[in-house]
Amino acid sequence: MDVLPIIVAAIPVTLGVTAASFAIGAVLGLALVAGRRSRWTVVRGLSRSVVEVLRGIPPIVLLFIIFFGIGSGALRMEPFQAAVIGLGLVSAAHLSEVYRGSLLAVPKGQFEAADALGLSRSTTSARVIAPQAFRVAMPGMVTWAISLLKDSALVSTIGVAEIMSVTNQHARSSGDGLMPFILAAAVYIAIGTPLAIWSRWLEKRFARIRKAA
Amino acid sequence: MNQAESILSLRDVEKTFAGHCAVDGVSLDVARGEVVAVIGPSGSGKSTMLRCINLLEVPDRGTITVDGTDLDTSGTVSARDLTQLRRRVGMVFQSFNLFPHMTVLRNISLPQERVLGRSRDEADRRSMELLERVGLQQKADAYPAKCSGGQQQRVAIARALALDPEIMLFDEPTSALDPELGLEVLAVMRQLADTGMTMIVVTHEIHFAATVADRLIVMADGRILEQGPPQQVLDDPQHARTRTFLSAIKDR
(Lines give C-alpha, C1' and ligand atoms only; values in the text may rest on other atoms or scores of the structure.)
Protein backbone atom coordinates (compact mmCIF):
# COMPACT_ATOMS: atom_id res chain seq x y z
CA MET A 1 0.00 0.00 0.00
CA ASP A 2 3.03 2.29 0.16
CA VAL A 3 2.42 3.00 -3.52
CA LEU A 4 -0.76 4.92 -2.78
CA PRO A 5 0.92 8.18 -1.67
CA ILE A 6 3.06 8.04 -4.82
CA ILE A 7 -0.06 7.68 -6.99
CA VAL A 8 -1.89 10.44 -5.14
CA ALA A 9 1.10 12.72 -5.59
CA ALA A 10 0.86 12.17 -9.36
CA ILE A 11 -2.84 13.10 -9.55
CA PRO A 12 -2.10 16.80 -10.21
CA VAL A 13 -0.03 15.85 -13.26
CA THR A 14 -2.85 13.70 -14.67
CA LEU A 15 -5.36 16.45 -13.98
CA GLY A 16 -3.01 19.02 -15.50
CA VAL A 17 -2.59 17.06 -18.74
CA THR A 18 -6.35 16.45 -18.91
CA ALA A 19 -7.37 20.04 -18.18
CA ALA A 20 -4.80 21.66 -20.47
CA SER A 21 -5.62 19.30 -23.38
CA PHE A 22 -9.33 19.88 -22.85
CA ALA A 23 -8.89 23.66 -22.82
CA ILE A 24 -6.86 23.59 -26.04
CA GLY A 25 -9.39 21.25 -27.62
CA ALA A 26 -12.37 23.34 -26.55
CA VAL A 27 -10.94 26.47 -28.21
CA LEU A 28 -9.44 24.84 -31.33
CA GLY A 29 -12.65 22.83 -31.71
CA LEU A 30 -14.58 26.09 -32.04
CA ALA A 31 -12.26 27.17 -34.84
CA LEU A 32 -12.71 23.82 -36.58
CA VAL A 33 -16.50 23.89 -36.38
CA ALA A 34 -16.53 27.49 -37.60
CA GLY A 35 -14.41 26.28 -40.52
CA ARG A 36 -16.79 23.45 -41.26
CA ARG A 37 -19.68 25.91 -41.45
CA SER A 38 -17.75 28.47 -43.48
CA ARG A 39 -19.15 30.05 -46.64
CA TRP A 40 -16.03 28.99 -48.54
CA THR A 41 -15.83 25.46 -49.88
CA VAL A 42 -12.03 25.36 -49.51
CA VAL A 43 -12.20 26.24 -45.80
CA ARG A 44 -14.97 23.69 -45.26
CA GLY A 45 -12.98 20.95 -47.02
CA LEU A 46 -9.79 21.80 -45.19
CA SER A 47 -11.45 21.81 -41.76
CA ARG A 48 -13.13 18.55 -42.51
CA SER A 49 -9.85 16.93 -43.57
CA VAL A 50 -8.12 18.12 -40.39
CA VAL A 51 -10.89 16.57 -38.29
CA GLU A 52 -10.82 13.29 -40.24
CA VAL A 53 -7.02 12.99 -39.99
CA LEU A 54 -6.91 13.78 -36.27
CA ARG A 55 -9.70 11.33 -35.54
CA GLY A 56 -8.18 8.70 -37.78
CA ILE A 57 -4.79 8.50 -36.05
CA PRO A 58 -4.55 6.50 -32.82
CA PRO A 59 -3.71 9.05 -30.09
CA ILE A 60 -0.56 7.21 -29.12
CA VAL A 61 0.75 7.40 -32.68
CA LEU A 62 0.06 11.13 -32.75
CA LEU A 63 1.86 11.54 -29.42
CA PHE A 64 4.93 9.67 -30.77
CA ILE A 65 4.93 11.74 -33.95
CA ILE A 66 4.89 14.92 -31.90
CA PHE A 67 7.33 13.93 -29.19
CA PHE A 68 9.81 11.62 -30.91
CA GLY A 69 9.30 12.93 -34.43
CA ILE A 70 8.89 16.66 -34.28
CA GLY A 71 10.17 16.97 -30.71
CA SER A 72 13.56 15.39 -31.42
CA GLY A 73 14.16 17.59 -34.45
CA ALA A 74 13.64 21.28 -34.89
CA LEU A 75 11.36 21.87 -31.93
CA ARG A 76 12.67 20.72 -28.56
CA MET A 77 9.72 19.82 -26.36
CA GLU A 78 9.19 18.75 -22.79
CA PRO A 79 7.11 15.55 -22.49
CA PHE A 80 4.34 17.54 -20.81
CA GLN A 81 4.17 20.02 -23.69
CA ALA A 82 4.11 17.28 -26.31
CA ALA A 83 1.41 15.43 -24.35
CA VAL A 84 -0.81 18.47 -24.10
CA ILE A 85 -0.37 19.37 -27.77
CA GLY A 86 -1.11 15.81 -28.89
CA LEU A 87 -4.16 15.22 -26.72
CA GLY A 88 -5.26 18.82 -27.33
CA LEU A 89 -5.37 18.19 -31.08
CA VAL A 90 -7.29 14.95 -30.64
CA SER A 91 -9.71 16.79 -28.35
CA ALA A 92 -10.15 19.61 -30.87
CA ALA A 93 -11.24 17.16 -33.54
CA HIS A 94 -13.57 15.33 -31.19
CA LEU A 95 -15.09 18.41 -29.58
CA SER A 96 -15.64 20.04 -32.98
CA GLU A 97 -17.88 17.08 -33.78
CA VAL A 98 -19.71 17.53 -30.47
CA TYR A 99 -20.20 21.23 -31.27
CA ARG A 100 -21.33 20.43 -34.80
CA GLY A 101 -23.97 18.02 -33.55
CA SER A 102 -25.18 20.56 -31.01
CA LEU A 103 -25.52 23.24 -33.68
CA LEU A 104 -27.60 20.88 -35.79
CA ALA A 105 -29.89 20.47 -32.78
CA VAL A 106 -30.77 24.19 -32.81
CA PRO A 107 -33.98 24.52 -34.85
CA LYS A 108 -33.67 26.24 -38.23
CA GLY A 109 -36.40 28.65 -37.13
CA GLN A 110 -34.01 30.19 -34.59
CA PHE A 111 -31.58 31.18 -37.35
CA GLU A 112 -34.47 32.44 -39.48
CA ALA A 113 -35.99 34.51 -36.69
CA ALA A 114 -32.60 36.11 -36.01
CA ASP A 115 -32.16 36.83 -39.73
CA ALA A 116 -35.64 38.27 -40.09
CA LEU A 117 -35.03 40.56 -37.11
CA GLY A 118 -31.89 41.83 -38.82
CA LEU A 119 -29.48 40.62 -36.13
CA SER A 120 -25.87 40.52 -37.31
CA ARG A 121 -24.04 37.24 -37.79
CA SER A 122 -21.99 37.74 -34.65
CA THR A 123 -24.99 38.68 -32.49
CA THR A 124 -26.90 35.70 -33.84
CA SER A 125 -24.04 33.34 -33.03
CA ALA A 126 -23.20 34.73 -29.61
CA ARG A 127 -26.62 35.60 -28.21
CA VAL A 128 -29.07 33.30 -29.95
CA ILE A 129 -27.38 30.15 -31.24
CA ALA A 130 -24.40 29.52 -28.94
CA PRO A 131 -26.36 29.54 -25.65
CA GLN A 132 -28.81 26.99 -27.04
CA ALA A 133 -26.13 24.84 -28.65
CA PHE A 134 -24.00 24.90 -25.50
CA ARG A 135 -26.74 23.25 -23.47
CA VAL A 136 -26.87 20.44 -25.98
CA ALA A 137 -23.08 20.16 -26.14
CA MET A 138 -22.47 20.10 -22.38
CA PRO A 139 -23.09 16.39 -21.69
CA GLY A 140 -20.98 15.39 -24.71
CA MET A 141 -18.18 17.68 -23.56
CA VAL A 142 -18.15 16.17 -20.08
CA THR A 143 -18.18 12.67 -21.55
CA TRP A 144 -15.14 13.61 -23.61
CA ALA A 145 -13.42 15.01 -20.51
CA ILE A 146 -13.85 11.61 -18.85
CA SER A 147 -12.39 9.79 -21.87
CA LEU A 148 -9.53 12.26 -21.89
CA LEU A 149 -8.84 11.66 -18.22
CA LYS A 150 -8.42 7.95 -18.94
CA ASP A 151 -6.56 8.45 -22.21
CA SER A 152 -4.07 10.67 -20.40
CA ALA A 153 -2.52 7.40 -19.19
CA LEU A 154 -1.10 7.13 -22.72
CA VAL A 155 1.30 9.99 -22.11
CA SER A 156 3.22 7.81 -19.65
CA THR A 157 4.78 6.36 -22.82
CA ILE A 158 6.53 9.63 -23.59
CA GLY A 159 7.72 10.09 -20.02
CA VAL A 160 5.18 12.35 -18.37
CA ALA A 161 5.20 11.48 -14.65
CA GLU A 162 1.45 11.09 -14.26
CA ILE A 163 -0.51 8.34 -12.44
CA MET A 164 0.20 5.51 -14.89
CA SER A 165 3.86 6.36 -15.21
CA VAL A 166 4.65 6.41 -11.46
CA THR A 167 2.54 3.30 -10.87
CA ASN A 168 4.37 1.39 -13.57
CA GLN A 169 7.75 2.40 -12.19
CA HIS A 170 6.79 1.30 -8.72
CA ALA A 171 5.42 -2.01 -9.97
CA ARG A 172 8.67 -2.75 -11.76
CA SER A 173 10.91 -1.88 -8.84
CA SER A 174 8.80 -3.56 -6.16
CA GLY A 175 7.96 -6.66 -8.16
CA ASP A 176 4.29 -6.41 -7.24
CA GLY A 177 2.49 -6.35 -10.56
CA LEU A 178 -1.09 -6.37 -9.30
CA MET A 179 -1.75 -4.05 -6.38
CA PRO A 180 -0.26 -0.84 -7.78
CA PHE A 181 -2.36 -1.10 -10.96
CA ILE A 182 -5.54 -1.91 -9.05
CA LEU A 183 -4.94 1.15 -6.89
CA ALA A 184 -4.31 3.26 -9.99
CA ALA A 185 -7.57 1.99 -11.48
CA ALA A 186 -9.40 2.91 -8.28
CA VAL A 187 -7.95 6.43 -8.39
CA TYR A 188 -9.10 6.92 -12.00
CA ILE A 189 -12.58 5.76 -11.05
CA ALA A 190 -12.63 8.04 -8.02
CA ILE A 191 -11.81 11.07 -10.18
CA GLY A 192 -14.01 10.08 -13.12
CA THR A 193 -17.19 9.09 -11.30
CA PRO A 194 -18.20 12.58 -10.13
CA LEU A 195 -17.75 13.77 -13.71
CA ALA A 196 -19.95 10.95 -14.98
CA ILE A 197 -22.66 11.77 -12.44
CA TRP A 198 -22.48 15.42 -13.42
CA SER A 199 -22.80 14.48 -17.10
CA ARG A 200 -25.89 12.35 -16.46
CA TRP A 201 -27.43 15.15 -14.41
CA LEU A 202 -26.80 17.63 -17.24
CA GLU A 203 -28.32 15.26 -19.76
CA LYS A 204 -31.46 14.84 -17.68
CA ARG A 205 -31.75 18.57 -17.16
CA PHE A 206 -31.34 19.18 -20.88
CA ALA A 207 -34.02 16.62 -21.73
CA ARG A 208 -36.37 18.47 -19.41
CA ILE A 209 -35.66 21.85 -21.02
CA ARG A 210 -36.20 20.34 -24.46
CA LYS A 211 -39.52 18.88 -23.42
CA ALA A 212 -40.65 22.22 -22.01
CA ALA A 213 -39.70 24.17 -25.14
CA MET B 1 -52.61 50.44 -58.80
CA ASN B 2 -50.82 53.75 -58.56
CA GLN B 3 -47.06 53.11 -58.47
CA ALA B 4 -46.39 56.17 -56.33
CA GLU B 5 -48.38 54.93 -53.36
CA SER B 6 -47.11 51.37 -53.38
CA ILE B 7 -44.80 50.59 -50.47
CA LEU B 8 -43.77 47.18 -51.74
CA SER B 9 -43.34 45.84 -55.27
CA LEU B 10 -42.22 42.48 -56.50
CA ARG B 11 -41.25 42.28 -60.19
CA ASP B 12 -40.97 38.90 -61.91
CA VAL B 13 -39.71 37.18 -58.79
CA GLU B 14 -38.60 33.62 -59.41
CA LYS B 15 -37.33 30.97 -57.04
CA THR B 16 -36.41 27.40 -57.95
CA PHE B 17 -35.58 24.59 -55.51
CA ALA B 18 -33.74 21.64 -57.03
CA GLY B 19 -35.46 21.97 -60.38
CA HIS B 20 -38.88 22.70 -58.89
CA CYS B 21 -40.12 26.21 -59.59
CA ALA B 22 -41.64 27.30 -56.27
CA VAL B 23 -42.27 30.89 -57.30
CA ASP B 24 -42.70 31.39 -61.01
CA GLY B 25 -42.43 35.03 -61.99
CA VAL B 26 -44.65 36.74 -59.43
CA SER B 27 -45.29 40.48 -59.64
CA LEU B 28 -47.16 42.28 -56.91
CA ASP B 29 -47.73 45.83 -55.70
CA VAL B 30 -48.88 46.53 -52.17
CA ALA B 31 -50.12 49.97 -51.10
CA ARG B 32 -49.20 51.58 -47.80
CA GLY B 33 -51.67 50.44 -45.18
CA GLU B 34 -53.07 47.67 -47.32
CA VAL B 35 -53.80 44.24 -45.83
CA VAL B 36 -53.23 41.46 -48.33
CA ALA B 37 -54.23 37.89 -47.57
CA VAL B 38 -52.63 35.10 -49.58
CA ILE B 39 -54.29 31.71 -49.82
CA GLY B 40 -53.65 28.64 -51.90
CA PRO B 41 -53.02 24.90 -51.64
CA SER B 42 -49.83 23.76 -49.93
CA GLY B 43 -46.93 23.78 -52.34
CA SER B 44 -48.45 26.70 -54.23
CA GLY B 45 -45.44 28.87 -53.38
CA LYS B 46 -47.22 31.31 -51.08
CA SER B 47 -44.81 30.89 -48.17
CA THR B 48 -41.81 30.96 -50.47
CA MET B 49 -43.07 34.17 -52.06
CA LEU B 50 -43.47 35.69 -48.60
CA ARG B 51 -39.96 34.57 -47.61
CA CYS B 52 -38.58 36.12 -50.78
CA ILE B 53 -39.83 39.54 -49.67
CA ASN B 54 -37.40 39.74 -46.74
CA LEU B 55 -34.86 37.57 -48.53
CA LEU B 56 -35.03 34.61 -46.18
CA GLU B 57 -35.10 32.93 -49.57
CA VAL B 58 -33.00 34.80 -52.10
CA PRO B 59 -34.91 34.77 -55.40
CA ASP B 60 -33.08 33.56 -58.49
CA ARG B 61 -34.41 36.48 -60.46
CA GLY B 62 -36.53 39.56 -59.99
CA THR B 63 -36.63 42.90 -58.24
CA ILE B 64 -37.95 43.73 -54.79
CA THR B 65 -38.74 47.36 -54.03
CA VAL B 66 -39.47 48.47 -50.50
CA ASP B 67 -40.49 52.08 -50.10
CA GLY B 68 -38.58 53.21 -53.19
CA THR B 69 -35.39 51.21 -52.61
CA ASP B 70 -34.79 48.66 -55.36
CA LEU B 71 -33.06 45.36 -54.75
CA ASP B 72 -32.06 43.38 -57.79
CA THR B 73 -31.86 39.84 -56.49
CA SER B 74 -30.09 38.27 -59.45
CA GLY B 75 -26.74 39.66 -58.23
CA THR B 76 -25.34 39.40 -54.72
CA VAL B 77 -27.25 41.44 -52.19
CA SER B 78 -24.91 43.49 -50.02
CA ALA B 79 -25.05 43.09 -46.25
CA ARG B 80 -26.03 46.77 -45.95
CA ASP B 81 -28.99 46.43 -48.29
CA LEU B 82 -30.08 43.32 -46.45
CA THR B 83 -29.97 45.08 -43.07
CA GLN B 84 -31.87 48.04 -44.49
CA LEU B 85 -34.52 45.75 -45.94
CA ARG B 86 -35.01 43.75 -42.77
CA ARG B 87 -35.31 46.87 -40.64
CA ARG B 88 -38.36 47.82 -42.62
CA VAL B 89 -39.96 44.41 -42.90
CA GLY B 90 -41.04 42.43 -39.84
CA MET B 91 -41.93 38.76 -39.96
CA VAL B 92 -44.04 36.37 -37.90
CA PHE B 93 -43.56 32.62 -38.34
CA GLN B 94 -45.85 29.64 -38.11
CA SER B 95 -43.64 28.16 -35.36
CA PHE B 96 -43.26 31.48 -33.42
CA ASN B 97 -39.47 31.03 -33.15
CA LEU B 98 -39.08 32.88 -29.88
CA PHE B 99 -35.64 32.49 -28.32
CA PRO B 100 -36.26 29.83 -25.63
CA HIS B 101 -33.34 30.84 -23.40
CA MET B 102 -34.53 34.43 -22.96
CA THR B 103 -37.49 35.83 -21.06
CA VAL B 104 -40.36 37.30 -23.03
CA LEU B 105 -39.04 40.79 -22.25
CA ARG B 106 -35.48 39.97 -23.43
CA ASN B 107 -36.89 38.43 -26.60
CA ILE B 108 -38.45 41.77 -27.49
CA SER B 109 -35.73 44.07 -26.13
CA LEU B 110 -32.55 42.40 -27.40
CA PRO B 111 -33.24 43.01 -31.13
CA GLN B 112 -34.07 46.65 -30.41
CA GLU B 113 -30.75 47.11 -28.61
CA ARG B 114 -28.76 45.33 -31.30
CA VAL B 115 -30.51 46.53 -34.45
CA LEU B 116 -31.74 50.00 -33.51
CA GLY B 117 -29.12 50.82 -30.88
CA ARG B 118 -31.70 51.59 -28.21
CA SER B 119 -30.56 51.58 -24.59
CA ARG B 120 -31.80 48.78 -22.41
CA ASP B 121 -34.20 51.10 -20.56
CA GLU B 122 -35.56 52.53 -23.76
CA ALA B 123 -35.97 49.08 -25.28
CA ASP B 124 -37.67 47.68 -22.17
CA ARG B 125 -40.10 50.60 -22.08
CA ARG B 126 -41.05 50.01 -25.71
CA SER B 127 -41.32 46.25 -25.07
CA MET B 128 -43.69 46.77 -22.13
CA GLU B 129 -45.81 49.12 -24.23
CA LEU B 130 -46.15 46.46 -26.92
CA LEU B 131 -46.75 43.67 -24.42
CA GLU B 132 -49.60 45.71 -23.04
CA ARG B 133 -50.96 46.14 -26.55
CA VAL B 134 -51.01 42.37 -27.12
CA GLY B 135 -52.35 41.84 -23.59
CA LEU B 136 -49.33 40.08 -22.11
CA GLN B 137 -47.59 42.54 -19.81
CA GLN B 138 -47.92 40.02 -16.97
CA LYS B 139 -45.76 37.55 -18.96
CA ALA B 140 -42.75 39.86 -19.30
CA ASP B 141 -40.52 37.83 -17.01
CA ALA B 142 -41.75 34.40 -18.10
CA TYR B 143 -39.80 32.13 -20.44
CA PRO B 144 -41.50 31.19 -23.73
CA ALA B 145 -41.95 27.58 -22.57
CA LYS B 146 -44.25 28.90 -19.84
CA CYS B 147 -46.53 30.59 -22.38
CA SER B 148 -49.26 29.00 -24.47
CA GLY B 149 -48.82 28.87 -28.24
CA GLY B 150 -51.19 31.80 -28.70
CA GLN B 151 -49.26 33.83 -26.14
CA GLN B 152 -45.96 32.95 -27.79
CA GLN B 153 -47.26 34.09 -31.14
CA ARG B 154 -48.48 37.38 -29.67
CA VAL B 155 -45.02 37.89 -28.15
CA ALA B 156 -43.50 37.15 -31.55
CA ILE B 157 -45.73 39.83 -33.07
CA ALA B 158 -44.63 42.29 -30.37
CA ARG B 159 -40.99 41.39 -31.02
CA ALA B 160 -41.34 42.18 -34.72
CA LEU B 161 -43.30 45.40 -34.06
CA ALA B 162 -40.66 46.62 -31.61
CA LEU B 163 -38.34 47.34 -34.55
CA ASP B 164 -40.92 49.75 -36.02
CA PRO B 165 -41.33 47.97 -39.35
CA GLU B 166 -43.26 49.48 -42.23
CA ILE B 167 -44.48 46.13 -43.48
CA MET B 168 -45.40 43.01 -41.52
CA LEU B 169 -45.27 39.54 -43.06
CA PHE B 170 -47.25 36.70 -41.47
CA ASP B 171 -46.44 33.14 -42.52
CA GLU B 172 -49.44 31.01 -41.49
CA PRO B 173 -49.41 32.58 -38.01
CA THR B 174 -52.25 30.45 -36.64
CA SER B 175 -51.62 27.12 -38.37
CA ALA B 176 -49.76 25.63 -35.40
CA LEU B 177 -52.42 26.72 -32.89
CA ASP B 178 -55.63 25.29 -31.48
CA PRO B 179 -58.56 27.19 -33.01
CA GLU B 180 -59.25 28.97 -29.72
CA LEU B 181 -55.67 30.15 -29.31
CA GLY B 182 -55.65 31.15 -32.96
CA LEU B 183 -58.47 33.57 -32.26
CA GLU B 184 -56.46 35.64 -29.79
CA VAL B 185 -53.68 35.94 -32.37
CA LEU B 186 -56.14 36.95 -35.07
CA ALA B 187 -57.59 39.56 -32.72
CA VAL B 188 -54.15 41.13 -32.31
CA MET B 189 -53.65 41.07 -36.08
CA ARG B 190 -57.03 42.67 -36.64
CA GLN B 191 -56.12 45.42 -34.21
CA LEU B 192 -52.81 45.90 -36.01
CA ALA B 193 -54.59 46.21 -39.35
CA ASP B 194 -56.81 48.90 -37.83
CA THR B 195 -53.72 50.96 -36.96
CA GLY B 196 -52.88 51.14 -40.65
CA MET B 197 -49.99 48.66 -40.74
CA THR B 198 -49.19 47.23 -44.17
CA MET B 199 -49.64 43.48 -43.83
CA ILE B 200 -49.17 40.45 -46.03
CA VAL B 201 -50.71 37.39 -44.46
CA VAL B 202 -50.33 33.86 -45.77
CA THR B 203 -53.19 32.01 -44.13
CA HIS B 204 -55.86 29.35 -44.24
CA GLU B 205 -58.19 31.49 -42.11
CA ILE B 206 -60.82 32.33 -44.68
CA HIS B 207 -62.94 34.30 -42.25
CA PHE B 208 -60.00 36.52 -41.32
CA ALA B 209 -59.16 37.00 -45.00
CA ALA B 210 -62.77 37.88 -45.79
CA THR B 211 -63.25 40.37 -42.99
CA VAL B 212 -59.85 41.99 -42.45
CA ALA B 213 -58.02 41.87 -45.78
CA ASP B 214 -58.39 44.56 -48.41
CA ARG B 215 -57.28 42.16 -51.06
CA LEU B 216 -57.26 38.39 -51.41
CA ILE B 217 -54.66 36.66 -53.55
CA VAL B 218 -55.04 33.04 -54.63
CA MET B 219 -51.81 31.27 -55.55
CA ALA B 220 -51.27 27.96 -57.31
CA ASP B 221 -48.17 26.43 -58.89
CA GLY B 222 -45.98 29.38 -58.01
CA ARG B 223 -48.18 31.94 -59.70
CA ILE B 224 -50.91 34.36 -58.70
CA LEU B 225 -54.05 32.71 -60.02
CA GLU B 226 -56.41 35.52 -59.22
CA GLN B 227 -56.80 38.44 -56.86
CA GLY B 228 -59.30 41.08 -55.87
CA PRO B 229 -61.55 42.22 -53.02
CA PRO B 230 -62.02 39.18 -50.75
CA GLN B 231 -65.78 38.94 -51.10
CA GLN B 232 -65.56 39.07 -54.87
CA VAL B 233 -62.90 36.35 -55.06
CA LEU B 234 -64.71 34.17 -52.53
CA ASP B 235 -68.19 34.58 -54.02
CA ASP B 236 -67.33 34.62 -57.68
CA PRO B 237 -64.00 32.88 -58.35
CA GLN B 238 -62.91 33.08 -61.99
CA HIS B 239 -60.80 29.93 -62.21
CA ALA B 240 -61.91 26.32 -61.82
CA ARG B 241 -58.75 25.77 -59.74
CA THR B 242 -59.79 28.51 -57.31
CA ARG B 243 -63.29 27.05 -57.03
CA THR B 244 -61.92 23.60 -56.17
CA PHE B 245 -59.60 25.03 -53.55
CA LEU B 246 -62.25 27.30 -52.03
CA SER B 247 -64.81 24.56 -51.76
CA ALA B 248 -62.19 22.39 -50.07
CA ILE B 249 -61.61 24.96 -47.33
CA LYS B 250 -65.15 26.30 -47.04
CA ASP B 251 -67.06 23.03 -47.02
CA ARG B 252 -65.45 21.47 -43.98
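Chain naming here is simple, since letters A, B, ... match the order of the sequence lines and numbering starts at 1 in each. The structure presented is a predicted model; accordingly, all values stated were derived computationally and were not measured.
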I'd like to know if [X] pairs up with [Y] as an ion pair, taking the criterion as any Lys NZ or Arg NE/NH1/NH2 lying under 4.0 Å from an Asp or Glu carboxylate oxygen.
X	Y	answer
Arg135(A)	Glu203(A)	no
Arg126(B)	Glu129(B)	yes
Arg118(B)	Asp164(B)	yes
Glu112(A)	Lys108(A)	yes

Heavy-atom distance under 4.5 Å to chain A: side chain of [X], backbone, both or neither?
X	answer
Arg106(B)	side chain
Arg159(B)	both
Phe93(B)	side chain
Arg87(B)	neither
Val89(B)	backbone

I need the contact set between residues 92-99 of chain A and chain B: heavy-atom distance under 4.5 Å, sorted by residue number.
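Those residues of residues 92-99 of chain A which would need a heavy atom under 4.5 Å from chain B do not exist here.
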Less than 4.5 Å to any heavy atom of chain B: does that hold for the side chain of Arg127(A), its backbone, both, or neither?
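Both parts, heavy atoms under 4.5 Å.
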From CA spacing to verdict: side-chain contact (heavy atoms from CB on, under 4.5 Å), Leu85(B), Val77(B):
CA-CA 11 Å; Leu85(B) 174 79; Val77(B) 181; over 6 Å; no
Any sub-3.5 Å donor-acceptor pair from Asn107(B)'s side-chain atoms to Thr103(B)'s backbone N or O?
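Yes, the answer is positive, given that a donor and an acceptor are paired below the 3.5 Å cut-off.
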Is there a donor-acceptor contact under 3.5 Å from the side chain of Ser119(B) to the main chain of Glu122(B)?
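Checked: pair present.
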Tell me whether the count of non-hydrogen atoms from other residues, nucleotides or ligands lying under 6.0 Å of CD in Glu180(B) goes above 12.
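It does not: Glu180(B) CD has 12 such atoms or fewer within range.
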